[in-house]
Structures are given as structure tokens and as C-alpha cells.
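I have placed the structure first, in the form of C-alpha cells, so that the comments after it can refer back to it.
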Amino acid sequence: MAYWLMKSEPNAYSIVDLKRDKKIYWDGVRNYQARNFMRSMQVGDQAFFYHSNCKVPGIAGMIKIVKMAYPDHTAFDPDDPHYDPKSKADNPRWEMVDVAFVRAFPEVVSLAQLRETASLEKMQILRKGNRLSITPVTPEEWDIILKLAK
DNA sequence: GCCAACGTTGGC
DNA sequence: GCCAACGTTGGC
């Protein structure tokens with residue numbers, strides 16, 4: 001059982017959308033490192049839902065993995081913004097997992113708040129230049145952030 | 001909108 | 001295999 005952090009731009013898909021949908025496939029990951037993290041995810045793993053590229057970037061809630069990695073079909077679709085002609089149906093390059101809503105935090109635990117928390121200084125998301133859309137979270141970091149979220 | 005940081009591509 | 005050029009990410 002592992003913990004993760006998964007980024008999404010709320011303009012595209014937010015925790016509020018997931019609350020409505022209950023469950024969604026996490027498509028569009030086009031980075032090998034992030035894909036490899038998804039491959040190692042197990043059903044029951046939990047993750048923070050991170051809002052990026054928005055007014056208040058930060059952790060907006062909790063989700064859980066409900067289906068292990070399988071081919072990301074959006075890579076096969078020329079009309080999809082994440083289309084990748086190099087990913088073939090008989091040899092898929094990209095994968096996705098299914099995630100389900102767990103809860104939305106009453107207030108986003110902001111990036112600024114995370115940065116102010118000394119015990120989180122080694123968190124991957126806080127490292128300079130970090131752009132990975134999926135990163136592992138340690139159990140210690142998980143607990144600290146849950147307390148910040150109240 | 002700016003721009004630093006990063007990953008990928010492709011010529012050589 | 002190197003590395004310059006390019007595209008993308010994402011905070012500010």
C-alpha cells in the first residue's frame with residue numbers, strides 16, 4: 001500500500017469534477033517516469049489530488065486507485081489533445097489507472113503552505129524544477145499533510 | 001504573460 | 001552518443 005500525488009489542472013479536471021463523477025480514468029500522462037509510477041500502483045493505494053497551474057496551486061483532496069495500469073486509449077485518438085502516433089494499439093506506449101473520489105479538503109492545502117512546513121522540505125513536489133505529474137509520497141509526508149488539511 | 005527548468009527529438 | 005533546438009510545465 002503506497003501513497004502518491006497526482007497533478008491535474010483544475011480548468012481541465014478538478015476534485016469537484018471527480019466528486020461528481022465518483023470515478024475517472026487518469027488519462028493523458030505522457031512522461032515515462034510518471035507512467036512507470038502508475039505501473040507500480042496497486043488497487044487500494046491512496047493519492048493526493050493536486051491542482052496545478054491555477055490561482056491557488058496545492059492539494060485539493062484525496063483519491064484512491066481502483067484499477068491497475070492499462071493502456072491509455074486516448075493516445076490512439078488523433079482528435080485527442082494527448083494523441084501520440086507512436087503509441088500503437090498492439091504495442092501501447094502509455095497507460096492509465098482508474099481513480100475514485102475519497103474526499104475533498106475544506107480548503108486547498110496550498111503550495112505555499114507546503115513550502116512553509118519544514119518537515120516536508122524533502123517532498124518531491126517541492127523540489128526546484130519539479131514537473132512530474134505523478135510522484136510518490138512517503139507515509140510521513142502523507143500524515144503531515146493530512147494534519148494540515150484538518 | 002513571462003520564463004526557468006526539464007524532457008524529447010533528431011542531426012551529426 | 002552528444003547536444004542544440006524545441007515544446008511543455010507550472011509557479012509567479
Side-chain angles (χ1 to χ4, degrees), chain A residues 2-21 24-41 45-65 68-99 101-138 140-150:
Chain A
Y3 298 109
W4 307 94
L5 181 144
M6 302 171 77
K7 290 184 192 173
S8 179
E9 301 192 10
N11 288 339
Y13 197 82
S14 75
I15 190 82
V16 176
D17 296 317
L18 183 57
K19 185 175 186 180
R20 175 198 64 214
D21 296 339
I24 196 71
Y25 52 81
W26 201 269
D27 67 317
V29 173
R30 299 292 180 266
N31 171 285
Y32 290 104
Q33 237 185 308
R35 182 205 62 187
N36 293 342
F37 283 137
M38 280 202 295
R39 280 183 173 167
S40 69
M41 288 177 177
D45 282 2
Q46 290 186 285
F48 288 129
F49 192 119
Y50 182 92
H51 283 177
S52 68
N53 215 352
C54 55
K55 198 168 178 184
V56 184
I59 297 170
M62 283 166 54
I63 59 183
K64 64 183 176 188
I65 311 305
M68 285 180 63
Y70 61 104
D72 181 344
H73 59 80
T74 67
F76 310 141
D77 178 3
D79 294 327
D80 191 279
H82 301 293
Y83 174 59
D84 181 357
K86 291 175 190 151
S87 185
K88 306 290 184 192
D90 58 358
N91 184 23
R93 175 178 293 200
W94 305 115
E95 299 182 3
M96 57 189 180
V97 295
D98 288 356
V99 303
F101 177 81
V102 175
R103 77 176 174 110
F105 295 150
E107 283 176 44
V108 170
V109 179
S110 70
L111 180 60
Q113 215 178 332
L114 297 175
R115 288 198 190 284
E116 284 166 9
T117 307
S119 48
L120 292 175
E121 65 182 352
K122 290 192 177 148
M123 220 184 150
Q124 206 155 332
I125 190 89
L126 301 181
R127 286 183 203 158
K128 187 177 177 182
N130 167 71
R131 287 181 4 186
L132 261 190
S133 64
I134 297 178
T135 49
V137 170
T138 69
E140 292 77 17
E141 290 162 351
W142 182 267
D143 289 342
I144 292 163
I145 291 164
L146 275 192
K147 279 177 193 141
L148 290 176
K150 307 262 166 27

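Protein chains get the first letters and strands the later ones, always in sequence-line order, with residue 1 at the start of each.
A/Asn11 has its CG atom 14 Å from the C1' atom of C/dT9, to the nearest Å. Atoms CZ (A/Arg93) and C1' (B/dT9) sit 11 Å apart, rounded to a whole Å. If you measure from atom CD of A/Gln33 to atom P of C/dT9, you get 15 Å, rounded to the nearest angstrom. Spacing between atom CD of A/Gln124 and atom C1' of C/dT9 amounts to 15 Å, rounded to whole angstrom units. With rounding to whole Å, A/Tyr32 atom OH is found 11 Å from B/dG7 atom C1'. The nearest whole Å value for the distance from the CG atom in A/Leu126 to the P atom in C/dC12 is 10 Å. Counting to the nearest Å, the C1' atom of B/dT9 and the CZ atom of A/Arg30 are 17 Å from each other.
A donor-acceptor contact shorter than 3.5 Å links the side chain of A/Lys88 to the backbone of A/Pro85. Here the side chain of A/Asn130 pairs no donor or acceptor atom with the backbone of A/Leu126 at under 3.5 angstrom.
Residues A/His73 and A/Met96 meet the side-chain proximity criterion, which asks for heavy atoms closer than 4.5 Å. Counting heavy atoms from C-beta on, the side chains of A/Leu111 and A/Tyr50 come closer than 4.5 Å. Looking only at side-chain heavy atoms (C-beta outward), A/Ile59 and A/Ile125 stay at 4.5 Å or farther from each other. For the pair A/Ile63 and A/Trp26, the minimum side-chain heavy-atom distance is below 4.5 Å. Two residues are said to be in side-chain contact when any heavy atoms from C-beta on lie closer than 4.5 Å; A/Phe48 and A/Leu146 meet this criterion. The side-chain heavy atoms of A/Asn53 and A/Lys7, taken from C-beta on, include no pair separated by under 4.5 Å.
Listed by residue number, A/Lys128, A/Gly129, A/Arg131 are the residues of residues 127-134 of chain A with a heavy-atom contact under 4.0 Å to DNA chain B. A heavy-atom distance below 4.0 Å to DNA chain C is reached by these residues of residues 45-60 of chain A, ordered by number: A/Tyr50, A/Ser52, A/Asn53, A/Pro57.
Here the side chain of A/Asn31 is nearest to one of C/dG11, B/dG7, B/dG10, namely B/dG7. Closest contact between the side chain of A/Lys7 and the listed nucleotides B/dT8, C/dC12, C/dG10 involves C/dG10.
Side-chain N/O atoms of A/Asp98 and A/Tyr70 include a donor and acceptor closer than 3.5 Å.
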